[in-house]
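It should be emphasised that the depicted structure is a prediction, and the values quoted were computed from it without experimental measurement. Numbers here simply count residues along the sequence, with the first being 1. In what follows, every heavy atom counts, from backbone to side chain, and hydrogens, waters and symmetry copies are set aside.
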Amino acid sequence: MKRVMLVVAYDGTNYCGWQIQANGITVQEELNRCLSKLLKEPIQTVGASRTDAGVHALGNVAVFDTAARMPAEKISYALNTYLPEDIRIQYSAEVAADFHPRYCESEKTYEYRILNRRFPLPTQRLYTYFYHYKLDVEKMREGASFLVGRHDFASFCGANAQVKSTVREVTGIDIEKKDDVITIQVRGRGFLYNMVRIIAGTLIEIGNEQYPPEKMGEILRACDRQQAGPTAPACGLTLKEIKFL
């Protein structure tokens, strides 16, 4: 028996998120199905990040145990011939038997993309959030600076999150604009349910000058979800990378 790690990229548009659930098809369900077919044994994967419905990934991580003799590094190539076109394995390798992607210390990088122009572009509709009011990127950067560090992010936690603590560490936030696309890249040691999307929604309100950048500090200290901005749509969010520390 060996444990195999997969780095998984997917377009989340047609999936009800990562984790298996009763109300629709998920990325994990497809992985389990195709791995079981390939390796001719029941396979159950464990993922590092339970991305929501409509959220994309370039570098989510999953592990599974198998008795199959196929070399771990070859599984990525073989599995891609079984998977649907909107899920692709980027890398596979054997890891230690006790390696667990959810409990190992790691830094995750999420990216939220906003199409900021007068009219939408059909080719961007699945991977950016279209927002037609002009956004001040510099003010968004000022607001984001209040979030870097270890804080109680209760104001940026979605409803019904089942967590023991809402304290998390954000190691960096970079905001750039290229042509009509504003990219918010958030790095951290762990994230709460909908945290990055709520941060993005709040930064959008700062960018359109609903309130000044300093308000972000007040929102953070309030530890009250009602004080923060809306949860930005899922389509703009991509899990880019997970680094194990």
Same apolar cluster (I L V M F W Y, side chains within < 4.5 Å links), V7/I242
yes
What closest approach, in Å, do F156 and A228 show between heavy atoms, and which atom pair accounts for it?
CE2-CB, 4.1 Å
Pairing of R33 and E30 as salt bridge, 4.0 angstrom limit:
yes
Heavy atoms only: give me the nearest A232-Y112 pair and the separation to one decimal.
CB-OH, 3.2 Å
Could you check whether N208 and Y131, counting side-chain N and O atoms only, form a donor-acceptor pair closer than 3.5 Å?
yes
Quick one: CG on L147 to CE on M216, what's the gap to the nearest 0.5 Å?
4.5 Å
As a quick check of understanding, evaluate side-chain contact (heavy atoms from CB on, under 4.5 Å) for H132 and R118, giving each step before the final call.
CA-CA 5 Å; H132 70 278; R118 185 173 297 177; 5.8 Å; no
Note, L239 side chain near V55 side chain (heavy atom, < 4.5 Å)
no
Residues in salt bridge (charged side-chain N to carboxylate O under 4.0 Å, His left out) with E41, at least two apart?
none
Given K215 and I206, is the side-chain contact (heavy atoms from CB on, under 4.5 Å) satisfied, shown in steps?
CA-CA 8 Å; K215 178 74 173 176; I206 290 173; 5.6 Å; no
Nearest heavy-atom approach of C16 to G24 is SG-CA, 3.7 Å
Mind checking what makes salt bridge (charged side-chain N to carboxylate O under 4.0 Å, His left out) contact with K240, not counting sequence neighbours?
E111
Show me the pairs that pass side chain to side chain donor-acceptor pair (under 3.5 Å) and involve residues 146-159, at least two apart or across chains.
D152-T166
Of all residues at least two apart in sequence or in a different chain, which pass the side-chain hydrogen bond (donor to acceptor under 3.5 Å, both in side chains) check with Y110?
S49
May I ask you to test the R168-V163 pair for a side-chain heavy-atom distance under 4.5 Å?
yes
May I ask you to test the V8-L31 pair for a side-chain heavy-atom distance under 4.5 Å?
yes
Heavy-atom check, side chain of L79 versus side chain of C34, under 4.5 Å:
yes
Nearest 0.5 Å, what's the OG1-CD1 distance between T26 and I20?
5.5 Å
Which donor-acceptor pairs under 3.5 Å do side chains of residues 172-182 form with protein atoms, sequence neighbours excluded?
{"from": "D174", "atom 1": "OD2", "to": "R187", "atom 2": "NH1", "distance (Å)": "2.7"}
{"from": "D180", "atom 1": "OD2", "to": "R117", "atom 2": "NE", "distance (Å)": "3.0"}

Partner set under side-chain contact (heavy atoms from CB on, under 4.5 Å) for R3, not counting sequence neighbours:
V63, D65, V95
Run the side-chain contact (heavy atoms from CB on, under 4.5 Å) check on I198 and F153 step by step: do they pass?
CA-CA 10 Å; I198 297 169; F153 282 94; over 6 Å; no
Pair Y10, T51: side-chain N/O donor-acceptor within cut-off below 3.5 Å
yes
Would you say I43 and V46 are hydrophobically clustered, going by side-chain heavy atoms of ILVMFWY under 4.5 Å?
no
Is it possible for you to say whether F64 and V61 belong to one hydrophobic cluster, with membership spreading through side-chain heavy-atom contacts below 4.5 Å?
no
Interatomic spacing from CG in N60 to OG1 in T45 - rounded to 0.5 Å:
9.5 Å
So do the side chains of S106 and C104 get within less than 4.5 Å of each other, counting heavy atoms only?
no
So, for L192 and S165, which heavy atoms are closest and what is the spacing to 0.1 Å?
CD2-O, 3.9 Å
Can you give each donor-acceptor pair under 3.5 Å made by side-chain atoms of residues 217-225, sequence neighbours left out, with the distance rounded to 0.1 Å?
{"from": "R221", "atom 1": "NH1", "to": "G217", "atom 2": "O", "distance (Å)": "3.4"}
{"from": "D224", "atom 1": "OD1", "to": "Q226", "atom 2": "N", "distance (Å)": "3.0"}
{"from": "R225", "atom 1": "NH1", "to": "G229", "atom 2": "O", "distance (Å)": "2.8"}
{"from": "R225", "atom 1": "NH2", "to": "G229", "atom 2": "O", "distance (Å)": "3.1"}
{"from": "R225", "atom 1": "NH2", "to": "T231", "atom 2": "OG1", "distance (Å)": "3.2"}

Please assess F130 against L121 for the test side-chain contact (heavy atoms from CB on, under 4.5 Å), listing each intermediate value before the final yes or no.
CA-CA 8 Å; F130 170 65; L121 285 171; over 6 Å; no
Pair listing, side chain to side chain donor-acceptor pair (under 3.5 Å) test, anchored in residues 87-102, at least two apart
S76-S92
For the pair R125 (side chain) and P122 (backbone), establish whether a donor and an acceptor sit closer than 3.5 Å, ignoring hydrogens and angles.
yes
Between E209 and K139, does any NZ, NE, NH1 or NH2 come within less than 4.0 Å of an OD or OE carboxylate oxygen?
yes
Any side-chain donor paired with an acceptor under 3.5 Å for T171 and E107?
yes
Spell out, yes or no, whether V4 and L83 are grouped together once hydrophobic residues are joined by side-chain heavy atoms under 4.5 Å, including indirect joins.
yes
Should V137 and L203 be counted in the same cluster of Ile, Leu, Val, Met, Phe, Trp and Tyr side chains packed under 4.5 Å apart?
yes
Could I get the full list of ring pair (Phe, Tyr, Trp, His ring centres under 6.0 Å) partners for Y127, not counting sequence neighbours?
H56
Nearest atoms (heavy-atom pairs only) where I89 meets N80
N-OD1, 2.7 Å
Return the CD1 to OH distance between I87 and Y15, rounded to the nearest 0.5 Å.
3.5 Å
For E73, check side-chain hydrogen bond (donor to acceptor under 3.5 Å, both in side chains) against everything at least two apart and list the hits.
none
Could you check whether any side-chain heavy atom of N116 comes within less than 4.5 Å of a side-chain heavy atom of Y133, counting everything from C-beta outward?
no
Separation between CG of L35 and CD1 of I75, rounded to the nearest 0.5 Å:
7.0 Å
Which residue in the set T183, L58, T109, V196 passes side-chain contact (heavy atoms from CB on, under 4.5 Å) when paired with T238?
L58
What residue pairs, at least two apart or across chains, pass ring-ring contact (aromatic ring centres under 6.0 Å, His included) with a residue in residues 197-245?
F99-F244
Who are the side-chain contact (heavy atoms from CB on, under 4.5 Å) partners of E105, not counting sequence neighbours?
R189, L245
Closest heavy-atom pair and its distance - T128, I114:
CB-C, 4.5 Å
Could you grab the distance from atom CD of Q28 to atom CD of Q21, nearest 0.5 Å is fine?
10.0 Å
